[in-house]
There are 2 protein chains.
Amino acid sequence: MATLSDVARRAGVSPATASRVINGSSKPVTDELRERVLAAVAELQYVPNAHAQLLARSHRSAVGVIVHDVSDPYFAEITRGLQRVATDQGRLLMICNSYRDPDRELEYVELLRGHQVAALILAGSGYHDEAFTRQLNEKLAAYEATGGRVAVIGRHEHSGDAVMPDNRTGGYLAGRELCELGHRAIGVVAGPRILTTTTDRLAGLRQALGEQGRDLPERRIRYAEFDRDGGAEATARLLDADPELTAIVALNDSMAIGALATLRARSLPVPQRVSVIGFDDMPIARDVTPPLTTVRLPLVDMGVRAMSLVLGAETLSPRVELLPAELIRRDTTGPAARSPRPAPRARRADTAS
Amino acid sequence: MATLSDVARRAGVSPATASRVINGSSKPVTDELRERVLAAVAELQYVPNAHAQLLARSHRSAVGVIVHDVSDPYFAEITRGLQRVATDQGRLLMICNSYRDPDRELEYVELLRGHQVAALILAGSGYHDEAFTRQLNEKLAAYEATGGRVAVIGRHEHSGDAVMPDNRTGGYLAGRELCELGHRAIGVVAGPRILTTTTDRLAGLRQALGEQGRDLPERRIRYAEFDRDGGAEATARLLDADPELTAIVALNDSMAIGALATLRARSLPVPQRVSVIGFDDMPIARDVTPPLTTVRLPLVDMGVRAMSLVLGAETLSPRVELLPAELIRRDTTGPAARSPRPAPRARRADTAS
DNA sequence: TCCCTGCGGGAAAGGGCTTTCACTGCGGTA
DNA sequence: TACCGCAGTGAAAGCCCTTTCCCGCAGGGA
């Protein structure tokens with residue numbers, strides 16, 4: 001690889017001058033030298049060594065991002081928001097996938113710190129895991145102590161800046177909607193129980209049912225991976241245990257799509273026999289059949305705000321922005337098929353008639 | 001940020017010794033010193049400056065990847081394959097989105113070269129653009145001249161190692177299937193015509209029709225963005241121009257989903273009235289309704305192979321791996337509603353009866 | 001004419017790390 | 001006893017840039 005000295009030598013100037021030309025320094029350089037340098041750069045196909053540059057200027061510019069998985073639409077949307085602001089400010093993003101592995105998250109914090117990022121953004125649910133949370137906070141604190149900025153999206157652990165989708169209210173909206181449609185036998189297809197996102201959404205759901213004087217028994221909840229296959233499998237288990245279910249809440253849209261697949265496989269019409277409601281409103285939600293009723297989160301906006309927090313002026317007190325959830329009614333929800341209000345024996349009578 | 005010298009000072013050793021302990025060098029260090037160093041590292045929360053390290057060891061390790069858009073499932077799958085091999089070998093991946101902007105692709109080649117990546121992988125269709133192709137090849141050649149390895153996925157331009165999905169045969173399979181089902185009026189929802197992927201797939205389709213003694217007139221093709229909305233819009237234009245269409249080939253699955261949306265909006269039942277066939281077989285294809293008939297490409301495998309090529313031993317002659325396309329029959333295709341073989345007037349008689 | 005100013009350019013000092021090389025003791029061989 | 005070799009450590013030379021500092025020189029004011 002050609003180096004700056006190579007360029008300088010070829011152009012017959014000092015490395016200092018070559019550097020000034022290449023970086024458009026404010027120091028003036030005569031046109032003649034400038035051209036000689038530029039010519040040398042072109043001939044040698046010179047590209048500055050980024051590491052040497054970053055070492056020489058102690059200018060931290062890049063921003064580190066840790067998400068669970070960029071190819072998951074939830075994070076793809078958030079990342080789009082992050083990217084937008086970063087690009088506007090000429091910042092490079094380093095994106096890392098933790099695949100929901102806490103240890104990998106810890107490793108990536110170190111890695112990004114080592115890469116001298118100006119800021120760090122952690123997106124995605126936190127974990128119910130004391131030890132991990134403490135460790136993570138220590139690392140983040142150490143990073144912040146050296147002037148790094150940190151913001152989290154959708155997780156509580158961190159004591160600094162945060163962008164929080166209102167998961168609880170989202171869960172509440174889903175629950176209330178189903179209650180108003182007359183559903184009693186509601187099953188929940190949930191993500192891993194170790195994730196705070198799962199428990200937050202469940203809490204909202206519980207609250208909605210509670211207001212109707214009902215509870216959400218554990219047997220009506222199945223925990224699985226937060227993806228399509230997890231949703232399909234959890235729905236199957238739910239249905240096996242309780243075939244009378246008239247509604248299913250999936251704690252994210254991927255799982256909802258899995259639920260829809262299982263229902264289709266079992267020939268249970270949606271929404272006539274079973275209603276389904278998702279969470280997140282990812283783009284594909286409009287395109288499944290029937291189009292998915294879901295709780296919308298302003299994903300792109302979450303990314304925009306987190307990046308703005310982290311690149312904006314530092315404030316004394318940490319800022320927490322709570323972004324609202326919104327129910328999007330589409331076609332996977334409808335009135336409960338038949339009210340299971342009458343006690344089970346009554347229903348048996350029904351069936352007999 | 002604490003530096004290595006800080007650690008060394010605190011541990012009462014030289015930076016050299018500290019470095020040896022931290023990197024597990026082969027040079028032996030007494031246990032006592034080792035422990036002192038480790039303790040200092042922990043106390044100072046020391047993380048090595050990655051740029052300084054990369055500068056000091058001339059060891060190139062990271063691999064650069066340029067894709068059109070990681071959040072597009074097509075590239076998400078390929079990336080998964082790339083990632084798998086890279087992780088196995090302890091390599092870091094730097095992933096850049098070009099968003100199908102040739103200039104940005106050029107820039108990223110430079111950027112990644114500047115970051116001293118050991119290899120470069122370009123995934124995604126090439127462009128019908130002589131000037132760009134030449135420029136890109138120059139840059140890649142310059143990079144290879146300094147010991148860099150390059151592989152491309154799904155593009156012809158580059159003269160070196162390549163992994164090529166068999167787009168042409170894929171198009172052929174789609175065309176033949178539709179012919180065998182008796183379709184005559186076939187419309188094509190195509191990606192941007194500047195992309196070689198678009199023209200390759202079209203060429204295969206043409207060949208299949210050609211074998212039936214038919215051609216594919218331009219008026220039966222609509223070019224649009226390679227995404228859901230592009231597909232929806234192109235389908236609408238196609239249908240407006242030619243309401244008699246009995247089949248639509250979408251040149252990727254995202255566009256097919258858009259096509260399905262438009263057909264649903266117009267109450268044209270799939271596949272009874274119109275058959276639809278997609279391309280790529282991305283995961284969501286099974287979950288739309290009806291499940292999408294499509295041409296499968298081994299996306300993950302493409303990633304695996306490209307990364308293996310680039311990290312494996314260098315060979316004299318460039319290797320090109322052609323990966324097969326396969327037709328996956330699902331439920332969006334069926335026999336043509338009524339054979340348009342009889343001339344239009346005959347059909348009008350039909351309708352009258 | 002002399003001095004000061006300011007412009008254009010180069011020398012050199014880092015930036016944080018790895019690694020070679022040289023040095024000090026030590027046990028072991030002739 | 002004299003010497004060789006080696007384990008364990010530190011000094012210092014890079015890696016490739018950026019940027020400060022300084023120098024020479026030409027032009028303008030006194």
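In this text the structure is predicted, and so the values were computed from the model without any measurement. Within every chain, numbering begins at 1; the chains are lettered A, B, ... in the order of the sequence lines, protein sequences first and strands thereafter.
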Rounded distance in Å - CG (B:L55) to P (C:dC17)
12 Å

Between B:R149 and B:E144, does any NZ, NE, NH1 or NH2 come within less than 4.0 Å of an OD or OE carboxylate oxygen?
no

A:T133 side chain to A:N137 side chain, donor-acceptor N/O pair below 3.5 angstrom
no

Atom NZ of A:K139 and atom CG of A:L112: how far apart are they, to the nearest 0.5 Å?
12.5 Å

Below 4.0 Å: OP1/OP2 of C:dG16 and any side-chain N or O of B:Q53
no

Please report, rounded to the nearest Å, how far the P atom of C:dC17 is from the CG atom of B:N23.
10 Å

Atom pair distance, as rounded to whole Å: CZ in B:R113 and P in D:dC16:
14 Å

Give the rounded distance in Å between these two atoms: CG of A:D31 and C1' of C:dC7.
14 Å

In whole angstrom, what separates B:D6's CG from C:dC17's C1'?
13 Å

Quick note, B:A52 side chain, CB onward, closest among D:dC16, D:dT18, C:dC17 is C:dC17

Please check if the distance between the ring centroids of A:Y99 and A:H68 is under 6.0 Å.
no

Find the distance B:M1:CE to C:dG15:C1' and express it as a whole number of Å.
13 Å

Residues within residues 34-50 of chain A bordering DNA chain D, heavy-atom distance below 4.0 Å:
A:Y46, A:P48, A:N49

Can you tell me if B:Y143 and A:Q45 form a side-chain donor-acceptor pair at under 3.5 Å?
no

Would you call B:R84 and B:D88 a salt bridge, taking side-chain N to carboxylate O under 4.0 Å as the test?
no

How long is the line joining CZ of A:R57 and C1' of D:dT20, in whole Å?
16 Å

Given B:L93, which of B:V85, B:V117, B:T87, B:V63 fulfils the side chain to side chain contact (heavy atoms under 4.5 Å, CB included) condition?
B:V63

Is the shortest side-chain N/O distance from A:S19 to OP1 or OP2 of D:dT18 below 4.0 Å?
yes

What string of B, S and - do you get for nucleotides 7-14 of chain D, 5' to 3', when a contact is any protein heavy atom under 4.0 Å?
-SBBB--B

Does the side chain of A:D69 pick up a donor-acceptor pair with the side chain of A:S71 at under 3.5 Å?
yes

If the threshold is 4.0 Å, N to carboxylate O, is there a salt bridge linking A:R10 and A:E43?
yes

